[in-house]
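Structure, as structure tokens:
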Amino acid sequence: LDRNALLAPDQNSSASEEAYVAPRTPVEEMIADIWTEVLKLEKIGIYDNFFDLGGHSLLATQVMSRLRAGLPTDLSLRVLFEAPTVAELASRVEQSMSRVYELEEFARNMAEGELAFREGRRERACELLRQAVAQEEALTYDEPPGWMQPVRHALGALLLADDRAPQAEEVYRADLVRHPNNAWSLLGLQQSLRQQGRHDQADPLAGAVSRAWARVAHTLLPISDFRV
């Protein structure tokens, strides 16, 4: 009787159970459930490697497609190759979801600020747009910096409409530090200087403003209720 041969299956089973770590968060649970369906396995731990379990690029595509359908995330297929365990992928998904929620909050503050401006609640509009400005600092734009209409333009235009040209000037100058030659902010700076009677500084900007608009004349610019 070979006792070692008899003990081996139990020992292996015990080792497998010890290595298994169940999902701890809703995101980990969702990923594990998707993997069990795609890989046709009964149980998957958070430290199991997708590709070691038999996963490949076609199955990985299914996984990421289901994740994007069920959660507010836009992660690409590449992420699963970079984070092939449930725990690693869950961490990346949660980070992506956090960015989406931040973007939604930014957009909400921007929209509510514009609405408050149209309704004549200018102090509330200013408060909301200042919050949006702070949130925008953490965002990364895909649009060309020369033509995009940042939230600072809305805030600056509001301040100009409220006869607060010096504050508007500060807003536009700050935006030009971040986005040099931005057409909207150059125009806003020029208008804020003119409103203060500083034509000697405003007039020389005419060339820069014209060149900025000429560079983007072929681009459809976003429409805003805030115009300087």
Side-chain angles (χ1 to χ4, degrees), residues 72-76 94-228:
T73 179
D74 59 353
L75 293 178
S76 66
E94 288 166 352
Q95 291 174 18
S96 175
M97 289 169 58
S98 177
R99 289 193 298 271
V100 170
Y101 293 139
E102 289 171 0
L103 181 58
E104 288 178 348
E105 184 180 2
F106 162 75
R108 182 168 54 253
N109 283 336
M110 179 70 176
E112 290 181 0
E114 292 200 7
L115 178 61
F117 178 77
R118 290 197 298 269
E119 293 176 346
R121 297 179 290 120
R122 292 188 173 181
E123 286 303 320
R124 178 56 177 163
C126 188
E127 177 186 348
L128 288 166
L129 291 175
R130 288 191 184 281
Q131 290 178 19
V133 165
Q135 292 165 331
E136 188 188 38
E137 294 292 343
L139 300 178
T140 300
Y141 281 94
D142 293 327
E143 296 89 343
W147 71 263
M148 70 183 186
Q149 185 183 13
V151 66
R152 276 199 177 91
H153 169 77
L155 176 60
L158 183 154
L159 293 169
L160 283 176
D162 210 26
D163 294 324
R164 289 188 274 180
Q167 294 181 42
E169 178 187 352
E170 292 179 5
V171 167
Y172 288 121
R173 288 192 185 280
D175 196 66
L176 286 168
V177 170
R178 190 182 185 200
H179 306 296
N181 300 317
N182 177 274
W184 288 106
S185 293
L186 282 169
L187 179 61
L189 175 60
Q190 184 185 49
Q191 293 293 85
S192 64
L193 291 170
R194 283 178 176 169
Q195 195 172 105
Q196 296 176 74
R198 293 157 59 187
H199 297 282
D200 58 324
Q201 297 177 45
D203 293 343
L205 288 174
V209 171
S210 297
R211 288 191 295 273
W213 287 118
R215 284 194 294 269
V216 297
H218 64 285
T219 305
L220 179 62
L221 296 175
I223 299 173
S224 172
D225 290 315
F226 295 92
R227 295 182 176 84
V228 294

Worksheet, complete the sentence: Closest heavy-atom pair, Trp184 versus Tyr172, reported as atoms and distance to 0.1 Å, is O-CE2, 4.3 Å

Discussion item. Holding to side-chain contact (heavy atoms from CB on, under 4.5 Å), I want the full list of residues that pass it with Gln195, two or more places apart in sequence or in another chain.
Written reply: Leu160, Asp163, Ala165

Worksheet item: Rounded to the nearest 0.5 Å, what separation is found between the CD atom of Gln131 and the CD atom of Glu127?
Response: 5.5 Å

Item to complete: To the nearest 0.5 angstrom, please state how far the CD atom of Glu114 sits from the CG atom of Asn109.
Response: 12.0 Å

Fill in: Partner set under side chain to side chain donor-acceptor pair (under 3.5 Å) for Glu170, not counting sequence neighbours
none

Practice prompt. For Ser185 and Asn182, work out which heavy atoms get closest and say how close.
Written response: N-OD1, 2.9 Å

Item to complete: Locate the shortest heavy-atom distance separating Leu158 from Ala125; write the atom from each residue and the value.
Response: CD1-CB, 3.3 Å

Worksheet item: Got a sec, which residues hit side-chain contact (heavy atoms from CB on, under 4.5 Å) with Arg108, two or more places apart in sequence or on another chain?
Response: Glu105, Glu112

Discussion item. A side-chain contact here means heavy atoms from C-beta on lying under 4.5 Å apart; do Asp175 and Arg173 qualify?
Written reply: no

Discussion item. Test of understanding: with side chain to side chain donor-acceptor pair (under 3.5 Å), list the residues that count as partners of Glu94, not counting sequence neighbours.
Written reply: none

Worksheet item: Going through the checks in order, is the side-chain contact (heavy atoms from CB on, under 4.5 Å) test met by Leu159 and Glu169?
Response: CA-CA 9 Å; Leu159 293 169; Glu169 178 187 352; over 6 Å; no

Practice prompt. Return the set of residues passing side-chain contact (heavy atoms from CB on, under 4.5 Å) with Ala208 (not counting sequence neighbours), or none when no residue passes.
Written response: Leu186, Arg211

Item to complete: Please report the C-alpha distance between Leu155 and Arg130 in whole Å, then the side-chain angles of each, then the deciding distance to 0.1 Å, and finally whether the side-chain contact (heavy atoms from CB on, under 4.5 Å) criterion is met.
Response: CA-CA 7 Å; Leu155 176 60; Arg130 288 191 184 281; 3.8 Å; yes

Worksheet item: For Asp162, what residues pass the side chain to side chain donor-acceptor pair (under 3.5 Å) criterion, not counting sequence neighbours?
Response: Arg122, Arg164

Item to complete: Under the side-chain contact (heavy atoms from CB on, under 4.5 Å) rule, collect the residues that match up with Arg121, sequence neighbours excluded.
Response: Ala116, Glu119, Arg124

Worksheet entry | Side chains of Leu189 and Leu176 in contact at under 4.5 Å (non-hydrogen atoms) | yes

Practice prompt. Report the distance from atom CG of Leu128 to atom CE of Met110, rounding to the nearest 0.5 Å.
Written response: 11.0 Å

